[in-house]
2 protein chains.
Amino acid sequence: MDPRGARREPTMRDVAALAKVSTKTVSRVINDLPGAGPDVVERVRAAARTLGYRPNLTASSLRRSDKRSATIGVLFEDLSNPFDAALLRAVEDRARQTGVLVLAGSSEDDPDLQRELLTSLATRRVDGMVVMAVGGHQDALQQERERGTPMVLVDRPPTFGGTDSVTTTNRDSSRDAVLHLAALGHRRIAFLGDRQTLWTSQERYTGYLEGLAHTGLTLREELVRTDLRGPDAAQAATTALFDLDEPPTALFTAQNLVTVGAMRTLRHHGLHRSVALIGFDDFPLADMLEPGVTVLRQDVPALGRRAAELIFARIDGDQSPPTHAVIPAALIQRGSGEIPPPHDQVGAGRGAARTARSRSDTGP
Amino acid sequence: MDPRGARREPTMRDVAALAKVSTKTVSRVINDLPGAGPDVVERVRAAARTLGYRPNLTASSLRRSDKRSATIGVLFEDLSNPFDAALLRAVEDRARQTGVLVLAGSSEDDPDLQRELLTSLATRRVDGMVVMAVGGHQDALQQERERGTPMVLVDRPPTFGGTDSVTTTNRDSSRDAVLHLAALGHRRIAFLGDRQTLWTSQERYTGYLEGLAHTGLTLREELVRTDLRGPDAAQAATTALFDLDEPPTALFTAQNLVTVGAMRTLRHHGLHRSVALIGFDDFPLADMLEPGVTVLRQDVPALGRRAAELIFARIDGDQSPPTHAVIPAALIQRGSGEIPPPHDQVGAGRGAARTARSRSDTGP
DNA sequence: GCCCGTTACGTCAACGTTGACGTAGGAGAA
DNA sequence: TTCTCCTACGTCAACGTTGACGTAACGGGC
């Protein structure tokens, strides 16, 4: 195919020589700048075409005064997670409109890895970054920000000042989920959550507490299981819940993988039609399970779009005070969240208010 | 945060001035090259630290003899598709080991968009590309390849020579699926597939035909529905199948979104326990549906790893003949593919051979 | 003492491109 | 005519870095 190794890419100088003009004139033609006559333009274009010339963006961005690399960095937790993937796609779509490409990386929720990727992006002089911060301290992010790198945090807000963020109504929506369950008469609502170092987990837990408080329910410590990393941990925790003397009649699972684990256990014990479940984060096929899974659905494309808009505004020099956009999540009723508690469990005066399994949508 | 705009990034010259050495010496220290005394090394390191110096990779790769940008391009169809996302992640993991970052883009199966992204990557002088080719002609890819850009195609092989590829056992696995269904006694097995311009779709259809041929079944044109783009088209096609005088007793859905659409229809008509279904591509929660969905599971991490290994070998100058790696897909029996045909439909002498719903795994 | 090799630096130019500025030639106004 | 202005180029240096090469100082062997 390419017998003697990769051949040298043609440069402006090659084009200039062939078209018998100076490199500067080639530069003018390539960049559609004025100052080149029609005949010269045509000669240069022809020369570039025959040589297969393509400008070298790295050289150009080195020299240009604005130093733009037309590249942004995206640093999420795990690009194979559907949530992260959808977010990346939304950012990418917006970036493409401006001719900007995306350097993507997974931080694995590991501070060291995040720091490493951060400097990796920085040495490539990206124009800005969209970051899902790892749990714990955000020193590395703050330092990067203080150097002047445009940055937008998604899913989790900054613990430091002066930086834009886009998040979901974690707390309010979680509270709504609990209120929804309580309105059906549930009194023993369990909380299953991800690592408590994550801001989203904390917020969702706080929303859970608010929900309990609003309906006069008391917090039962044994119904709260946090720091569940992945479906297996969630599965084990759910099993433990049903070994209790007084097991929960409803579950609020505060993260998508946790939801999956809990559902597995419910099915395993044949409880999926009798124990109510509401999960945070929608997932494909949630409507095709029996019962359909009631979820709080985040508007992921909107999150991504907003994050992209913010970062590009900053890159373009927007100096206005930092924005903290909050995108509302919606409660999608599919059945699992509308299961009432067993009759002997219904609290005084709080009858099941809604029709169970009121399928209100067509799918995720 | 940054009152007078982004401040200038410190350069080697700044570090050199502070450490009172030449820029060349700074270069030596930064790159851990010999030729700098211990005291000088320390002085330079200290200076770099106080200034917050970080090397400019674009400048460095411009000057370096190997011209490496330590960046590869990944061009898939849709980064928000779980298959693509998992693939990206696998490539990214391998790339990170070498300090290489990934520029990612979605081609949307649009030749123009693919060409655009291709040149976008080329102007950034990526060291190589991992590409999921769009359907139809591959001129743009071939041209890029002929310029000498290292390239590996994933999921779909090149229509031109001299280029590595990594694919799945599309044909053989599809045939196995049909054989599996036929062994249960099914005689009317429908095929539902994605766009026929895609190589994978063609292969899977060919496998379907081989399966029919191996078992002596005759192809019924009305049971074949192709060019289904997305779940909605699949849903409509499935509905049409069951409006036939002799509807199918089993479905082979040759793409993951098609599987979802078909399942929706089966459920809608209450047929999901009586009509057999095998889908190509696994998906989350396939085991939690009732019945569990029997699928051909591609080994996505293996696909990604292999692709990454190949591209890095080429980047490192490997000149051996092109490799066409084929990663085997596995039939995961979960129930839906083990549903036998109704009694009056069983063909002569071909009784249901296996136990239906022989759950053989724990989940996707 | 001298020569040689080695180490630790420095100098210079170049990678591919563009900003700043210079200049030749022609059109138009005085 | 002569001066001015504009257009269409060209020249030069610089972006931040590194390869090629130069050189001063030192140590060791004779």
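What's counted below: heavy atoms across the whole structure, side chains too, no hydrogens, waters or symmetry copies. Per chain, numbering begins at 1; letters A, B, ... match sequence-line order.
The separation between A:Arg124 atom CZ and D:dG16 atom C1' is 16 Å, rounded to whole Å. For the pair B:Asp66 CG and D:dT17 C1', the interatomic distance rounds to 13 Å; values are reported in whole Å. For A:Leu33 and D:dG10, the CG to C1' distance is 16 Å, given to the nearest whole Å. The nearest whole Å value for the distance from the CG atom in B:Leu62 to the P atom in C:dA13 is 18 Å. At whole-Å resolution of the value, CG in A:Asn31 and P in C:dG16 are 17 Å apart. Rounded to a whole Å, the CZ atom of B:Arg68 is 13 Å from the P atom of D:dG19. Taking atom CE of residue A:Met12 and atom P of nucleotide C:dT18, one finds them 4 Å apart after rounding to whole Å. A straight line from CD of B:Glu9 to P of D:dG16 spans 10 Å, rounded to a whole angstrom.
Classification of B:Arg96 and B:Asp93 as a salt-bridged pair holds, one side-chain N sitting under 4.0 Å from a carboxylate O. Comment: B:Glu9 engages A:Arg125 in a salt bridge, judged by a side-chain N to carboxylate O separation of less than 4.0 angstrom.
Residues A:Thr11 and A:Asp14 come closest through the heavy atom pair N-OD2, 2.8 Å. Between B:Ser165 and B:Pro158, the closest heavy-atom pair is CB-CD, 3.6 Å. A pairwise comparison of heavy atoms in A:Val134 and A:Gln114 identifies N-OE1, 3.0 Å as the closest pair.
Distances shorter than 4.0 Å separate some side-chain N or O of A:Thr25 from OP1 or OP2 on D:dG10. Residue A:Arg125 places no side-chain N or O under 4.0 Å from the OP1 or OP2 atom of D:dG16. Contact between the side-chain N/O atoms of B:Asn56 and the OP1/OP2 oxygens of D:dC15 is not found at any separation under 4.0 Å. Under 4.0 angstrom from either OP1 or OP2 of D:dC15 there lies at least one side-chain N or O belonging to B:Arg13.
Between D:dG19, C:dC9, C:dG16, one nucleotide has an atom nearer to the side chain of B:Arg28 than all others, and that is C:dC9.
Enclosure of atom CZ in A:Arg156 by more than 12 non-hydrogen atoms of other residues, nucleotides or ligands within 6.0 angstrom is indicated.
B:Pro55 comes within contact range of the sugar-phosphate backbone alone, with a heavy-atom separation under 4.0 Å but no base atom that close. Looking at heavy-atom distances under 4.0 Å, A:Gly37 makes contact with sugar-phosphate atoms alone, never a base. Note on B:Ser22: a base of the nucleic acid sits closer than 4.0 angstrom, heavy atoms only.
Between the side chains of B:Thr71 and B:Arg124, no donor-acceptor pair of N or O atoms lies under 3.5 Å. Side-chain atoms of A:Ser106 and B:Arg89 form a donor-acceptor pair, as typed in the model, at a separation below 3.5 Å.
Residue-to-nucleotide proximity on DNA chain C shows that, of B:Lys20 and A:Ile30, the 5′-proximal contact is made by B:Lys20. Two residues, B:Lys24 and B:Arg64, neighbour DNA chain C, and the one matched to the more 5' nucleotide by heavy-atom proximity is B:Lys24.
Taking the screw axis at each terminus of the helix from C:dG1-D:dC30 to C:dA30-D:dT1 from five consecutive base pairs, the angle between the two is 60° to within rounding of 10 degrees.
Taking only distance into account, the side chain of A:Arg63 never meets the base of D:dG16 through a donor-acceptor pair shorter than 3.5 Å.
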